[in-house]
Amino acid sequence: MLNLETAQSPHKLRRVAIEPVSRVEGHGKVTILLDEENRVHQVRLHIVEFRGFEVFIEGRPFWEVPVTVQRLCGICPVSHHIAAGKAMDIVAGYGPLTPTAEKLRRLLHYGQLVQSHALHFFHLASPDLLFGFDSEVSKRNIVGVAAAFPDLAKRGVMTRKWGQEVIRHIVGKRIHGTGVIPGGMNKPLHVDERDTLRRDVDEIVGWARESVDLVASLYETNPDFYKRFGEARSNMMGLVNTAGETDYYHGGLRAQDADGAPIFDHVDYTTYQDVFQEETKPWSYMKFPHIKALGAENGSYRVGPLARVQVADRLSTPLAEDQRRKFVAVGQGKPLHGALMFHWARMIEMLNAAEMARDLLNDSDIVGTDLMADKGPRRGEGVGVIEAPRGTLFHHYKVSDDDLVTYCNLIVSTTNNNQAMNESIRAVAARFLTGREVTEGLLNHIEVAIRAYDPCLSCATHALGQMPLEVDILDADGALVSRGRKGD
Amino acid sequence: MRLVVLGWGNDSRGDDALGPALLDRIAAAWPDLPMVDDYQLQIEHALDLVEADCALFLDAGKDTPAPFAFSRLAPKRDATHSTHALSPEAVLDVYLQVRGEAPPPAFALCVRGESFELGEGLSRDGVARLEIAWDFVKTLMAEQSVEAWDRLARQSAPLVRVPA
């Protein structure tokens with residue numbers, strides 16, 4: 001791990017701040033300290049923590065929480081909806097879900113994964129990958145790759161749209177849906193809705209498969225660059241089922257170290273507070289979780305696609321598993337830690353989710369009407385965990401006898417990835433900024449690493465009028481030397 | 001003129017609800033108009049513009065002209081670090097990429113907000129500006145043509161993007 005978290009003599013250094021818009025509730029900023037020779041001494045990614053979320057939830061009746069939490073994030077409301085629903089299944093005293101209810105929740109989740117991964121790749125990542133890097137040789141090769149995929153934008157939009165339609169049919173509408181309720185689901189999927197989704201699913205699987213091919217082709221244009229860009233060795237974690245397959249909806253927690261050796265396996269996630277510690281640092285509002293047994297220095301971990309496809313023994317569907325094997329083979333027996341490898345892993349997961357959705361749409365249980373589990377005594381506490389598109393998402397609630405939430409703790413994927421993101425941008429800064437004049441192109445390399453994680457910097461809100469990116473360069477005394485703006 | 005109206009925002013976040021609030025009023029007054037509401041604009045909203053002659057985007061603004069700005073939009077790709085939101089200009093750019101043709105004429109009605117905290121309702125200023133914007137919407141609806149809206153856009157304060 002690079003030791004660029006804290007400079008020895010920060011007062012003597014020049015400060016560069018990359019400030020992607022001060023939004024209302026959450027915003028991020030990167031600060032870099034450089035000396036007079038432009039050597040990098042300190043790099044930090046500051047992200048506002050989502051503490052306001054817990055206050056927003058506490059005091060509300062527990063049964064409304066799965067709906068209310070969708071307002072926390074405008075980009076993955078379904079993830080919060082499902083995680084809260086799982087926690088409230090326990091609180092409400094329900095036993096195992098009916099087969100139809102669990103399959104509907106899974107289909108909902110896979111629709112969310114498909115649409116989220118499609119959005120990320122086609123809108124955010126592919127411009128970087130196709131046009132973002134400055135090697136002339138790579139550019140020539142990439143032009144050829146892009147020409148082989150002329151319908152990239154259209155495919156991205158249509159894939160995203162299909163995932164949204166899965167969500168709409170299962171929860172009733174595109175936003176503010178109420179599909180998941182404690183103990184099950186509140187509406188069945190009708191046969192005509194199932195048929196509508198099934199009509200296009202083979203095409204979605206085909207596009208997802210071609211998308212994996214696209215990223216693999218891009219990787220081949222410059223393998224060393226892809227493997228090393230933003231490379232930060234870290235522990236990795238994800239949910240797996242009893243067969244060792246990635247399970248995005250439910251499973252045990254598995255963690256491996258940076259060399260792939262096991263740290264723990266099949267840990268019951270309801271015990272997460274025994275396993276993890278959330279550390280604070282004076283320079284960031286966002287906490288830094290780590291594995292307690294390894295301590296703060298060595299216990300941080302990465303979650304999300306790059307972690308999931310590598311901690312799992314296999315993926316549950318044939319096309320995705322075939323692609324996963326090709327992916328891990330690149331590491332020649334060692335885990336991959338480069339930030340750009342996230343994109344390849346993400347497309348493999350999109351294929352996995354599309355295949356699983358297809359299987360569910362061909363399963364007669366999916367149009368069943370037995371939606372509610374058997375109910376037992378009410379409980380005072382519940383934990384729900386899923387693998388959201390960006391990584392492991394924890395929801396933990398305590399509920400009083402009068403049914404009101406008295407305690408809420410959310411650990412979102414961005415928090416789980418806090419240290420890993422910091423290390424990735426430090427790796428980029430050390431490699432690309434050191435000793436060079438700071439240009440917008442070089443600073444964009446930092447953004448490329450951030451984009452690989454797609455952190456929740458401005459969850460659930462937006463406003464016109466903000467400026468997407470500002471870069472301030474200050475001298476050692478803190479005086480403004482220059483200001484650059486991007487996106488005006 | 002086949003008009004589609006898109007309003008977006010989170011109605012649990014103070015003045016972020018200005019876009020949806022305007023959309024609700026339009027939906028009540030002109031129930032046959034195609035409406036799209038969402039938390040945020042995303043790439044698939046480009047498909048909502050297909051077959052429209054004109055699009056009207058409704059949103060709250062931060063540090064934008066008060067009480068509102070009304071402007072003609074042109075396609076433009078966002079320089080962004082996150083998938084968490086698109087600008088209306090970026091949606092038009094997606095349309096251009098996906099359809100291979102220019103998007104329909106599009107306008108933004110951006111009502112300035114003041115406070116966007118989770119769990120808050122509209123601010124006092126937000127409530128007042130909503131009423132002023134609603135009167136303006138009625139003017140727009142009374143004269144539904146791109147030429148007329150262009151004229152009104154030229155008379156409006158420009159939607160200048162300034163640092164928050």
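Every chain is numbered from 1 and lettered A, B, ... according to where its sequence line falls, protein lines coming before strand lines.
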Is it the case that more than 12 heavy atoms not belonging to B:E51 sit under 6.0 Å from its CD atom? no
Measuring from atom CG of A:L119 to atom CD of B:E44, what distance do you get when rounded to the nearest 0.5 angstrom? 7.5 Å
Heavy-atom pair count under 4.5 Å with chain A, highest-scoring of B:D11, B:V94, B:L18: B:D11
Side-chain heavy atoms of A:M158 within contact of B:L47, under 4.5 Å: yes
Using 0.5 Å steps for rounding, measure from the CZ atom of A:F56 to the CZ atom of B:R13. 8.0 Å
Between B:D15 and chain A, which part of the residue has a heavy atom less than 4.5 Å away: side chain, backbone, both or neither? neither
